Structures are given as C-alpha cells and as structure tokens.
Amino acid sequence: MYTINAHAKVNIFLKITGHKEGYHTLISRFMRVDDLYDTITFEPCIAEEFSIEGCEGVPLESNTIYKAYQSLKKYTKDPKLENFFKHHKVIVTKRIPSQAGLGGGSSDAAAFMRLCNEVCNLGIDTPTLSQLGSQIGADLPFFIQNYPSANVSGFGEIVEPFEEETLHLELFTPKIGCDTTVVYKTFKKHLLDDITLCSFTGWEKIDSRTLLETIADPIILNDLYAAALIAYPELGEVPQAKEGWFFSGSGSTFFRIKN
Ligand SMILES: C[C@](O)(CO)[C@H](O)COP(=O)(O)OP(=O)(O)OC[C@H]1O[C@@H](n2ccc(N)nc2=O)[C@H](O)[C@@H]1O
Ligand SMILES: Nc1ncnc2c1ncn2[C@@H]1O[C@H](COP(=O)(O)OP(=O)(O)OP(=O)(O)O)[C@@H](O)[C@H]1O
C-alpha cells in the first residue's frame with residue numbers, strides 16, 4: 001500500500017497581469033496549507049481497469065486524477081504504469097472542499113503524478129512532470145514542485161520558491177461553490193480593463209505575513225475577489241466578508257492568520 005498527502009493552498013495575493021490565448025496571466029504567492037489535505041492511496045486489488053474510489057459525484061473522465069493518469073500513460077509509454085493499476089486501485093480521502101479556491105482537484109492530480117513517478121520508477125524529472133501537469137490545470141506545477149511557499153506567474157507554470165515562515169491559517173469555506181471559469185469570465189468582462197500593473201510592484205519580495213498585515217485589504221490583495229463578489233453576490237453576506245479575513249484564489253474560502 002502506498003500513500004501521499006495532497007495539501008490545499010491559499011493565495012496570499014493574486015494579481016492579474018494580462019490575458020492571452022483565452023487564459024489570464026497572473027502573479028501570485030501560493031502557500032501550502034499544512035493541516036488540510038486529501039490522502040491518496042494505492043491499495044492492492046485485482047482490477048479490471050483503472051479505478052478511483054472516494055470522489056463520488058465526479059465522473060471518472062472528468063476527475064483530475066484520471067486525466068493525470070492518461071497524461072502519464074501517453075508520455076511514458078512504460079507498461080509498468082498500466083500493469084501497476086491492474087493490481088491497485090486509487091482511494092481518495094477527500095477533506096479539501098471543492099469549488100473553494102483551495103486547489104483540491106489540482107493537488108490530488110499533482111500528488112497522484114508524484115506518487116506514480118516514485119512507485120512505478122518512471123524516472124520523470126520535476127520540470128517535465130510540471131509541464132505535463134500544467135495541461136491538466138493551472139495550479140498543478142505549484143503542487144508538483146511542492147514548495148511550502150512560492151511566487152507563481154505566467155498561467156501558473158512559473159514557480160519560484162519563496163523562503164519564509166509557514167503561517168498557521170484559519171480557513172472558512174462558506175456553502176457557496178465558486179466556479180473558477182465563471183469567476184475568470186466575470187473578471188474579464190468587468191475588471192480586466194482596469195488593471196494597473198505598477199500597483200503591486202515588488203510584492204513578490206515581501207513575506208506573506210507582512211503583506212497580509214500591511215496591505216490588509218482583501219480586495220486589493222486578490223483581484224479575483226471583486227469578480228467573485230459580482231458573480232456570487234451572496235459571498236458578500238457571509239460574516240467573514242469583512243476586515244481581517246482574506247480571500248483565496250477564485251473562492252469561496254476566506255482565511256486569516258491564526259493567533
Ligand atoms: C485561481 C487559481 O486557482 C489560482 O490559484 C488558478 O488560476 C485556477 O486554476 P484551476 O482551477 O486549476 O483552473 P483551470 O482548471 O486551469 O482553468 C479553469 C478555467 O479558468 C480560466 N482560467 C484559468 C487559469 C488562468 N490563469 N486563466 C483563466 O482564464 C479558464 O477559463 C479555464 O478554462
Ligand atoms: N480529484 C478531484 N477532486 C475534487 N473535484 C474534482 C476532482 N477532479 C475533478 N473535480 C471537479 O472539479 C471541480 C472543482 O473542484 P476543486 O476541488 O478542484 O476545487 P476548486 O476550488 O475549483 O479549485 P481551485 O482552487 O483551482 O479553484 C469539482 O466541482 C469537481 O467536479
């Protein structure tokens with residue numbers, strides 16, 4: 001039996017820098033959340049075909065783990081991978097809420113790729129694994145490189161580790177699912193024309209605690225927050241939508257530093 005933890009992330013800040021080929025470019029500080037993770041296990045069994053347990057409600061073909069499996073299979077052409085999943089099933093213990101801005105599906109896929117690479121001795125280097133991952137989701141390169149904190153840019157494929165203290169974070173995810181595609185579309189329609197690139201110059205060099213304490217305004221820190229509030233106005237009604245709380249990714253999770 002083989003197991004790996006797939007951690008959640010939060011975006012300490014997230015600034016959109018432009019729009020190219022249907023995607024937004026951004027610069028963001030990603031921080032891994034140490035005490036919130038899904039667990040992915042490869043459990044021995046006789047399997048007819050590749051199977052995933054624990055992601056009820058997500059069709060196999062749209063599961064990020066299945067997409068990661070297909071991508072690895074296509075890239076390696078190594079029969080070890082397919083043979084392995086004739087004798088093992090994938091079990092996912094979900095703890096990260098979905099449509100929450102915490103990167104759950106992306107983290108699962110990244111952890112799956114890392115564990116396959118190790119267990120099946122595929123010998124794929126990290127840059128190649130990140131490149132394969134970026135085709136499945138924008139957040140995969142961060143999770144594949146697995147730094148506690150990093151500056152992420154481009155469409156998500158440029159990941160630079162950032163040395164700093166790990167913050168202990170309190171998270172609150174309201175019962176409002178935010179669809180990433182809808183939030184980005186709303187941003188493009190209402191807010192893209194207003195971006196001012198000079199307003200966050202140098203943020204990537206400032207540690208996360210200082211950023212949260214000095215910038216302090218969740219709307220300024222995360223460009224997608226204003227878009228999520230337009231797309232999902234009920235977000236503005238939750239008690240955490242006030243000073244002292246910050247907003248992660250495309251939402252709907254709010255976070256703050258634990259005392
Ligand atoms: C909000 C973030 O989580 C930041 O941490 C990511 O930028 C989103 O990452 P994700 O959920 O993995 O998103 P993806 O599955 O790659 O993309 C979903 C959809 O969001 C939009 N999208 C996503 C990423 C990006 N840089 N620009 C976009 O415009 C696209 O319409 C895309 O079809
Ligand atoms: N392994 C998976 N775990 C959870 N959801 C998955 C998975 N694979 C595909 N999905 C689908 O992706 C959708 C988004 O879920 P996910 O857990 O990635 O949350 P997210 O909050 O949108 O992530 P992000 O931080 O990137 O915005 C779900 O509604 C689900 O249909």
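As the structure lists them, so they are numbered: ligands from 1, and atoms in each ligand from 1. Given the structure is predicted, the values throughout are model-derived calculations rather than measurements.
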* Under a heavy-atom criterion of less than 4.0 Å, does Lys67 contact ligand 2? -> no

* Carboxylate-amine/guanidinium contact Arg209 Asp207, below 4.0 Å -> no

* Asked: Going by distance alone, is a donor N or O of one side chain under 3.5 Å from an acceptor N or O of the other, for Ser250 and Thr180?
  -> yes

* Structure fact -> So the atoms of ligand 1 within less than 4.0 Å of a heavy atom of Asp139 turn out to be 2 (C), 3 (O), 4 (C), 5 (O), 6 (C), 9 (O), 12 (O)

* Just heavy atoms, cut-off under 4.0 Å: does Ser62 contact ligand 2 by side chain, backbone, both, or neither? -> backbone

* To do: Using a strict 4.0 Å cut-off to heavy atoms of Ser98, name the atoms of ligand 2 that fall inside it.
  => 4 (C), 5 (N), 15 (O), 17 (O), 19 (O)

* Can Lys77 and Glu82 be counted as an ion pair, charged N to O under 4.0 angstrom? -> no

* Is there any N or O on Leu102 that sits under 3.5 Å from an N or O of ligand 2? -> yes

* Please state which protein non-hydrogen atom is closest to atom 29 (O) of ligand 1 and give its distance, to 0.1 Å? -> His24 ND1, 2.8 Å

* Steps toward ring pair (Phe, Tyr, Trp, His ring centres under 6.0 Å) verdict (Phe247, Tyr232) -> CA-CA 13 Å; Phe247 194 71; Tyr232 301 96; 9.7 Å; no

* To do: Hey, could you give me the NE2/OH distance between His19 and Tyr184, rounded to the nearest 0.5 Å?
  => 10.0 Å

* Looking at atom 11 (O) of ligand 1, what's its closest protein heavy atom, distance included? -> Thr180 OG1, 3.7 Å

* Considering only NZ, NE, NH1 and NH2 on the basic side and carboxylate oxygens on the acidic side, decide whether Glu53 and Lys89 come within less than 4.0 Å. => yes

* Between Asp35 and Lys258, does at least one N-O distance fall below 4.0 Å, as a salt bridge requires? -> yes

* Structure fact -> In terms of heavy-atom contacts, Thr17 and Leu26 come closest through OG1-N, 3.5 Å

* Within reach of ligand 1, part of Lys9 (heavy-atom separation under 4.0 Å) -> side chain

* Asked: Do ligand 2 and Cys178 have nitrogen or oxygen atoms that lie under 3.5 Å from each other?
  -> no

* Does the side chain of Glu164 pick up a donor-acceptor pair with the side chain of Ser208 at under 3.5 Å? -> yes

* Protein residue, atom and distance nearest to atom 19 (C) of ligand 1, heavy-atom basis -> Thr181 OG1, 3.4 Å

* Could you list which atoms of ligand 2 come closer than 4.0 Å to a heavy atom of Asp139? => 26 (O)

* Structure fact -> When rounded to the nearest 0.5 Å, the distance separating OH of Tyr66 from OG of Ser51 is 11.5 Å

* Would you say the side-chain atoms of Thr253 pair up with the backbone N or O of Ala100, donor to acceptor, closer than 3.5 Å? -> yes

* Asked: Counting distance only, does the side-chain N/O of Asn11 pair as donor-acceptor with the main-chain N or O of Phe30 below 3.5 Å?
  -> no

* Examine the proximity of ligand 2 to Thr180 and report which part, side chain or backbone, both or neither, has a heavy atom under 4.0 Å away. => side chain

* **Donor-acceptor contact present, side-chain Arg114 to main-chain Ala109, <3.5 Å** => no

* Asked: Which atoms from ligand 1 have a heavy atom of Gly137 less than 4.0 Å away?
  -> 12 (O), 16 (O)

* Asked: Between Arg256 and Phe246, is NZ or CZ placed under 6.0 angstrom from the six-membered ring centre and within 45° of the ring axis?
  -> no

* To do: Using distance alone, determine whether Ala138 and ligand 1 share an N or O pair under 3.5 Å.
  => yes

* Structure fact -> At under 4.0 Å between heavy atoms, what of Ser250 touches ligand 2? The answer is side chain

* For Phe30 and ligand 1, answer yes if some heavy atom of the residue is under 4.0 Å from a ligand atom, otherwise no. => yes

* Asked: Are the charged groups of Lys94 and Asp108 less than 4.0 angstrom apart, N to O?
  -> yes

* ligand 2 atoms in contact with Ala100 (distance to a heavy atom under 4.0 Å) -> 20 (P), 21 (O)

* Would you say Leu14 contacts ligand 1, with heavy atoms under 4.0 Å as the rule? -> yes

* Asked: Just to confirm, does any protein heavy atom lie below 4.0 Å from atom 4 (C) of ligand 2?
  -> yes

* **Protein heavy atom at shortest distance from atom 1 (N) of ligand 2** => Asn63 OD1, 3.0 Å

* Asked: What part of Asn11, side chain, backbone, both or neither, has a heavy atom within less than 4.0 angstrom of ligand 1?
  -> side chain

* Would you say Arg95's side chain and Tyr37's backbone share a donor-acceptor pair under 3.5 angstrom? -> yes

* Structure fact -> Checking heavy atoms under 4.0 Å, the part of Ser106 that sits near ligand 1 is side chain

* Asked: Within a distance of under 4.0 Å, is there any protein heavy atom near atom 16 (P) of ligand 2?
  -> yes

* Among protein heavy atoms, which sits nearest to atom 20 (P) of ligand 2, and what does the distance come to when rounded to 0.1 Å? -> Gln99 N, 3.5 Å

* Under 4.0 Å, heavy atoms only, figure out whether ligand 2 is touched by the backbone of Val58, its side chain, both or neither. => side chain

* Asked: Starting from atom 18 (O) of ligand 2, which protein heavy atom do you reach first, and at what distance in Å?
  -> Gly105 N, 3.0 Å

* Asked: Nearest to atom 32 (C) of ligand 1 by heavy atom, Tyr23, Phe143, Tyr184: which?
  -> Tyr23

* **Residue and atom name of the nearest protein heavy atom (relative to atom 7 (C) of ligand 2), distance in Å to one decimal** => Thr64 OG1, 3.8 Å

* Asked: How far apart are the C-alpha atoms of Phe42 and Phe84, what are their side-chain angles, what is the distance that settles it, and do they pass the ring pair (Phe, Tyr, Trp, His ring centres under 6.0 Å) test?
  -> CA-CA 9 Å; Phe42 297 163; Phe84 181 82; 5.6 Å; yes

* Asked: To which protein heavy atom is atom 25 (O) of ligand 2 closest, and what is the distance rounded to 0.1 Å?
  -> Gly103 N, 2.7 Å

